[in-house]
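Both ligands and their constituent atoms are indexed starting at 1 by order of listing. Numbers for residues simply follow the sequence, beginning at 1.
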Amino acid sequence: MHMSTLHIKTYGCQMNKHDSDRIASMLSTSLGLKLVHTAEEADIILFNTCSIREKAANKIFSDLGRIKPLTLKKKNLIIGVGGCVAVQAAETIFKRVPYVNLVFGPQSLYRLPTLLMQAQHKRIIDIDYTPIEKLENLPLPSDYQPSADVSIIEGCHHFCTYCIVPYVRGRAVSRSFSSILNEVNVLAKNGTKEIHLLGQNVNCYLDARQHNIRRLSDLLYRIADIPGVERIRMTTSHPAYFSTDLIQAYRDLPKIVNHVHLPVQSGSNTVLKKMNRKYTKEDYLRLTDALKTIRPNISISSDFIVGFPFETDADFEDTLNLVRQIRFDRSSFSFMYNPRPQTKAAKFGDPVPLWVKKERIKILQKLLLKYERAISQSMLHTIQRILITGTAKKSPHQVSGRTENNRIVNIDGSSSLIGKMLNVRVIQVMSNSLQGKVIE
Ligand code: SF4
C-alpha cells in the first residue's frame with residue numbers, strides 16, 4: 001500500500017470519538033498509517049459520522065463538498081464515510097458523491113484494514129450488522145493514556161420513539177467479560193489510571209456466555225480489583241435499568257466516581273410515555289434518592305429534549321421542576337427536538353413551533369447553568385482528587401485534570417505530572433474551570 005497518512009473527522013457522540021481513536025490505533029498497527037491533523041496532508045480521509053442529531057447528519061455532504069478540490073489534486077486519495085449516517089444513507093452517499101471510495105458502518109470497523117486495501121481498486125459499501133465481531137476483534141490499546149475509554153456494550157433495543165440508534169447501531173450486544181477484563185489489565189499495566197466504560201446503555205450490560213450471568217456490577221467489582229486502576233467512569237446509564245446491585249456497587253466501590261450521567265429527557269410523565277422511556281418522573285426521583293442515600297454528594301447530570309411533539313407548557317414546567325428538585329450538575333445536555341427519519345416519533349410530526357422550542361431551551365439551559373455554577377462555587381476551598389491528563393489550554397506553565405464531577409482543574413506544573421493523581425485545593429472558581437493548588 002502506498003498510503004502513509006490518515007485524517008479522521010469525527011462527528012457527534014462519545015461512542016464515535018472512541019471508535020475514531022480505535023480506528024487510528026488499528027490502522028497505525030496494521031497498515032503503519034500516521035494520523036495527521038488536516039485533510040490536505042492525508043492519503044486517506046475518513047468521516048466518522050453521527051445521525052443522532054439532524055445537524056450532524058446533514059453536515060457530511062457539505063464537508064464532502066469541501067474536500068472535492070483535494071480529490072482532483074491527489075489521484076490516489078481514498079475517501080471513506082463511516083458511522084451511523086453511512087448505515088442510513090450508504091446508497092445516497094455513493095450516488096451523490098462519486099469520489100467516495102468506501103462507506104462502512106459502525107460494526108465494520110475491525111474490517112477497515114482489508115476494506116481500505118480493496119477500496120484502492122473498487123468502490124465498496126460494507127454496512128453489515130456484526131457487532132459482536134467488532135467488539136471482540138478490535139486490537140488491544142498499545143499507547144499510554146492516563147484515562148482510557150473501554151467499550152462494553154454496543155447498540156440498543158429500547159426503541160425510544162425519537163431515537164435512531166437501534167436502527168443504525170443495531171440491537172444491544174455485550175462484549176465478553178473476559179475480553180473487557182483483558183483490555184483493562186493491559187491498560188492498567190501501561191499505566192492507565194482511569195477506566196471509562198462506554199456504551200449506549202452501560203447498565204444493560206449482560207454477558208450470559210458459558211452459563212454464567214455477569215452484569216455491569218460484576219464487571220465493576222472485578223475492574224476495581226485490578227491493580228493500578230484508581231477510577232472508574234461510565235457513560236451512559238438508562239434510568240429504567242439501574243438495578244439494586246448497581247446501586248450497591250456505588251456503595252461498595254469508592255473507585256467509581258462520585259458522578260452519574262442519567263438521561264431523563266423530560267420531567268413530564270405524559271411526554272416520557274410518548275417517548276417510550278419506560279420510567280416515570282417518580283421512578284426517576286426514587287432512583288436519584290437511592291443514590292443520594294448512599295452517596296450524599298453524588299453529582300447527577302442528564303440529557304433533555306425540549307419541544308417533543310405535543311409537549312405543553314405544563315409538561316415543560318414539569319421538566320423545570322424536576323431540575324429544581326434534583327439540581328443537576330455540569331455535563332448536562334439539552335437539545336431541541338428534531339424528528340429523525342425511520343423513528344416512531346417522526347409519525348407524530350413536529351407540531352411544537354421552533355420559536356417555542358428556542359424559548360424553552362433558553363429557559364432550561366439558564367436553570368441548568370444556575371445549578372452547575374452553584375455546585376462549582378460550593379467547591380471553593382475544598383480538596384479534590386484529580387487525574388492530570390494534559391497541559392492546560394491557556395497556559396504552558398500549567399497542567400490540567402478532572403475532578404470526579406467533571407470539573408477541569410488547572411494547576412501550576414510541568415508535563416511530568418501527566419498521569420498522576422493529585423490532591424488539590426480549589427483556590428479559584430472560573431466559569432468553565434477551577435484553579436487548584438497541590439496540597440501533597
Ligand atoms: S435507550 Fe433510547 S435514547 Fe438511548 S440509545 Fe436506546 S433507543 Fe436511543
Side-chain angles (χ1 to χ4, degrees), residues 11-19 48-57 83-88 105-107 129 131-132 134-135 149 151-175 196-206 215-216 234-243 246 260-281 283-284 287 300-309 311 319 322 328 331-348:
Y11 305 74
C13 63
Q14 181 80 19
M15 295 292 291
N16 255 24
K17 291 190 184 95
H18 178 54
D19 279 352
N48 192 11
T49 63
C50 171
S51 63
I52 295 178
R53 310 274 162 232
E54 191 186 32
K55 264 194 201 150
C84 298
V85 178
V87 176
Q88 277 189 300
Q107 318 306 352
Y129 283 149
I132 194 63
K134 174 194 160 189
L135 280 171
D149 294 342
S151 273
I152 64 165
I153 181 168
E154 269 269 327
C156 178
H157 47 250
H158 295 306
F159 289 93
C160 300
T161 55
Y162 55 84
C163 181
I164 195 86
V165 167
Y167 305 94
V168 290
R169 292 238 169 201
R171 305 293 171 102
V173 178
S174 295
R175 182 177 172 187
H196 187 176
L197 302 179
L198 276 188
Q200 263 85 24
N201 291 299
V202 281
N203 55 333
C204 292
Y205 176 82
L206 188 75
R215 302 155 298 177
L216 176 62
M234 286 168 270
T235 315
T236 298
S237 296
H238 192 306
Y241 302 92
F242 213 102
S243 46
L246 188 53
V260 61
H261 187 71
L262 213 48
V264 69
Q265 309 299 3
S266 169
S268 151
N269 285 341
T270 321
V271 174
L272 287 172
K273 196 154 195 275
K274 283 196 190 118
M275 287 177 164
N276 190 29
R277 287 293 288 174
K278 303 185 182 92
Y279 53 83
T280 61
K281 174 180 70 180
D283 295 334
Y284 191 88
L287 171 58
I300 302 170
S301 59
S302 197
D303 294 338
F304 303 85
I305 296 173
V306 300
F308 190 75
E311 180 191 64
T319 301
L322 187 75
F328 289 101
S331 308
S332 291
F333 300 99
S334 45
F335 306 95
M336 285 188 289
Y337 175 73
N338 247 321
R340 310 299 300 122
Q342 291 183 29
T343 60
K344 206 170 165 194
K347 296 190 186 98
F348 306 156

*asked:* Only heavy atoms of Val165, strictly under 4.0 Å: list the atoms of ligand 1 that pass.
replied: 5 (S)
*Answer yes if the side chains of His238 and Tyr279 hold a donor-acceptor pair under 3.5 Å, and no otherwise.*
no
*Check for a donor-acceptor pair, side chain of Tyr162 on one end and backbone N or O of Ala346 on the other, with a separation under 3.5 Å.*
no
*Which atoms of ligand 1 have any heavy atom of Pro166 under 4.0 Å away?*
7 (S)
*Mind listing the closest non-hydrogen atom pair of Leu262 and Phe242 along with its distance?*
CD1-CD1, 3.8 Å
*May I ask you to decide if the ring planes of Phe333 and Phe335 are parallel, tilted or perpendicular, using 30° and 60° as cut-offs?*
parallel
*In the protein, what heavy atom is nearest to atom 2 (Fe) of ligand 1, and what distance, to one decimal place, separates them?*
Cys160 SG, 2.2 Å
*Considering only NZ, NE, NH1 and NH2 on the basic side and carboxylate oxygens on the acidic side, decide whether Asp303 and Arg277 come within less than 4.0 Å.*
no
*Check ligand 1 against Cys156 and write out every atom of the ligand that is under 4.0 Å from a heavy-atom position of the residue.*
1 (S), 5 (S), 6 (Fe), 7 (S)
*Examine the proximity of ligand 1 to Tyr162 and report which part, side chain or backbone, both or neither, has a heavy atom under 4.0 Å away.*
side chain
*Checking side chain to side chain donor-acceptor pair (under 3.5 Å) for the pair Ser301/His261: CA distance, chi angles, key distance, verdict?*
CA-CA 5 Å; Ser301 59; His261 187 71; 2.7 Å; yes
*asked:* So if I count the atoms of ligand 1 from 1 in the order they appear, which ones are less than 4.0 Å from some heavy atom of His238?
replied: 1 (S)
*Looking at ligand 1, does Arg277 have a heavy atom less than 4.0 Å from it?*
yes
*atom 8 (Fe) of ligand 1: nearest protein contact (heavy atom, Å)*: Cys163 SG, 2.3 Å
_Heavy atoms only, cut-off 4.0 Å: how does Asn201 contact ligand 1, side chain, backbone, both, or neither?_
side chain
_Would you say that more than 12 heavy atoms from the other residues, nucleotides or ligands in this model lie under 6.0 Å from the NZ of Lys278, or not?_
yes
